[in-house]
Protein chains: 2
Amino acid sequence: MRDNNDMPGHLARRFQQIAVAVFHAEVEAAGYDLTPVQYAALSAIGMNQGIDQITLAGLIAYDRTTITGVVDRLVQKGLLVRNPSSRDRRARELRITEEGMRALQGITPAVEAAQRVMLRGLTKEEVEEFMRLLRKAIAAGNELSRAPLKQISAEGTKGS
Amino acid sequence: MRDNNDMPGHLARRFQQIAVAVFHAEVEAAGYDLTPVQYAALSAIGMNQGIDQITLAGLIAYDRTTITGVVDRLVQKGLLVRNPSSRDRRARELRITEEGMRALQGITPAVEAAQRVMLRGLTKEEVEEFMRLLRKAIAAGNELSRAPLKQISAEGTKGS
DNA sequence: CATTTCTTGACAGTATACTGATAATCAGCA
DNA sequence: TGCTGATTATCAGTATACTGTCAAGAAATG
């Protein structure tokens, strides 16, 4: 019988666990309280001011039902504002606040450090190859998840 | 600013999402209702009859508080039994049932298929390299997670 | 304009994962 | 033996992720 540790899915889960733990540790040490998911959302909104939640979900490959809670918490922390869209009354426009911008900039070194720590076992060349293989595997499987990545074409309101 | 898609942590999350979705799809198509986490636990118990929950957690790198719920659900499905240990009244001995054994065997082809599907974008050589890099990165980061892998020394009651 | 269809956002329910706390028990030691 | 510290399992609380469902609104169509 095949050992669990020969299963790519199992290894993926373990690596993700480590990645999240490292992220938390580095970010907390820097004095911030943001999860990896919240950081990715905040960062994506900062680069695409005014997008709605579905577009955000596509940008970072989150499920649309997950976005609601993530945005809730970011709004509660004062890092985002969520306003009804004027063009489409179903949609909510997401904008990063001044405080959110400061948090994003302040947290960046910790996030960069986390990426290094979680791959500290690999050489520089191995890191490159690892990322390449991850991207390739993800590209081939993108549509198999309920939350596929969806790049915006060419109309996103570019921020700052 | 660095794009989210250049972050290994973000890529890890995405690959894990795909891996879980593929697992669910393949297993459901085969007529079973087991999550990846439940499968790994069931499989580990099948190979180590009578282990307690902490040992199980170490074997598959789960948090000890997560194990409780996973075992609960497997017991509820009739695939496991959880009995007080005679040697240590704090501990619960986990044993796979006949039905659990049948489920484990019946589900194996679907699990194998899932591993192939989630890596369908990679060549055979790339799959090998990907797994090697995953294992290497995980080994270096193992202790950074609250749920590190802990192999049992040499006394586990080998099953079947 | 009226109707059908799609889309956006939200909710209930389930299943990981984690933090931190606690009860019960065991093991080592004065 | 009695005390102290470690260990096993559990629980409360929080945060992803997903299934499935629903209401409100937009878009397409007759």
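Chain identifiers are assigned alphabetically (A, B, ...) following the order of the sequence lines, protein sequences preceding nucleic acid strands; residue numbering begins at 1 within each chain.
- In terms of phosphate contacts, Gln16(B) brings no side-chain nitrogen or oxygen within less than 4.0 Å of OP1 or OP2 of dT16(D).
- Here dT16(D) presents its P atom at 19 Å from CZ of Arg13(A), a figure rounded to the nearest Å.
- A heavy atom lying under 4.0 Å from DNA chain C marks the following residues of residues 76-93 of chain A, by number: Arg82(A), Arg90(A), Ala91(A), Arg92(A).
- A search for salt bridge (Lys or Arg N to Asp or Glu O under 4.0 Å) contacts involving Glu26(A) returns nothing, not counting sequence neighbours.
- dA15(C) atom C1' lies 12 Å from atom CG of Asp72(B), rounded to whole Å.
- Summarising the geometry, the separation between CD1 on Ile54(B) and C1' on dT10(D) is reported as 11 Å, rounded to the nearest angstrom.
- Within residues 139-150 of chain B, the residues that place at least one heavy atom under 4.0 Å from DNA chain C are, in residue-number order, Ser145(B), Arg146(B), Ala147(B).
- Distance CG (Asp63(B)) to C1' (dC11(D)): 13 Å, rounded to an integer number of Å.
- Arg120(B) places a side-chain N or O within 3.5 Å of a backbone atom of Ala140(A) that can act as its donor or acceptor partner.
- Protein atom CD of Gln17(A) is 16 Å distant from nucleotide atom P of dT16(D), rounded to whole Å.
- Taking the side chain of Asp52(B) as heavy atoms from C-beta on, and the options dT21(D), dT10(D), dT8(D), the nearest nucleotide is dT8(D).
- Per the geometry, CZ belonging to Arg64(A) stands 11 Å off P belonging to dT7(C), to the nearest Å.
- Side-chain nitrogen and oxygen atoms of Thr65(A) include none within less than 4.0 Å of the OP1 or OP2 phosphate oxygen of dC18(D).
- Within the 4.0 angstrom heavy-atom criterion, no nucleotide atom of any strand lies near Val20(A).
- A search for salt bridge (Lys or Arg N to Asp or Glu O under 4.0 Å) contacts involving Lys77(B) returns Asp33(B), not counting sequence neighbours.
- A donor-acceptor contact shorter than 3.5 Å is absent between the side chain of Gln53(A) and the backbone of Arg92(A).
- Residue Gln53(B) places at least one side-chain N or O closer than 4.0 Å to OP1 or OP2 of dT10(D).
- An angle of 0°, rounded to 10°, separates the two end axes of the helix from dC1(C)-dG30(D) to dA30(C)-dT1(D), each defined over five pairs.
- Residues that satisfy the salt bridge (Lys or Arg N to Asp or Glu O under 4.0 Å) test with Arg90(A), not counting sequence neighbours, are Asp88(A).
- Residues Tyr62(A) and Ala41(A) share a closest heavy-atom pair of OH-N, 4.5 Å.
- A salt bridge links Asp6(B) and Arg135(A); the closest N-O separation between the charged side-chain nitrogens and carboxylate oxygens is under 4.0 Å.
- In this structure, the CG atom of Leu94(B) is 12 Å from the C1' atom of dT8(D), given to the nearest Å.
- Side-chain proximity of Arg73(B) to the nucleotides dT10(D), dA17(D), dA15(C) is greatest for dA15(C).
- Taking every heavy atom of both residues into account, Leu56(B) and Val71(B) meet most closely at CD2-CG2, 4.3 Å.
- Ion pairing of Glu93(B) with Arg82(B) is absent here, as no side-chain N (NZ or NE/NH1/NH2) approaches a carboxylate O to less than 4.0 Å.
- Looking only at distances, a side-chain donor or acceptor of Thr97(B) sits under 3.5 Å from a matching main-chain atom of Gly78(B).
- Which of dT19(D), dA15(C), dT16(D) sits closest to the side chain of Thr35(B) comes down to dA15(C).
- Between the side chain of Asn48(A) and the backbone N or O of Ala44(A) there is at least one donor-acceptor pair closer than 3.5 Å.
- Mapping Val37(A) and Ile67(B) onto DNA chain D by nearest heavy atom places Ile67(B) at the nucleotide closer to the 5' end.
- Note on Glu99(A) versus Arg102(A): no salt bridge recorded, every NZ/NE/NH1/NH2 to OD/OE distance being 4.0 Å or above.
- What separates CD1 of Ile51(B) from C1' of dA9(D) is a distance of 15 Å, to the nearest Å.
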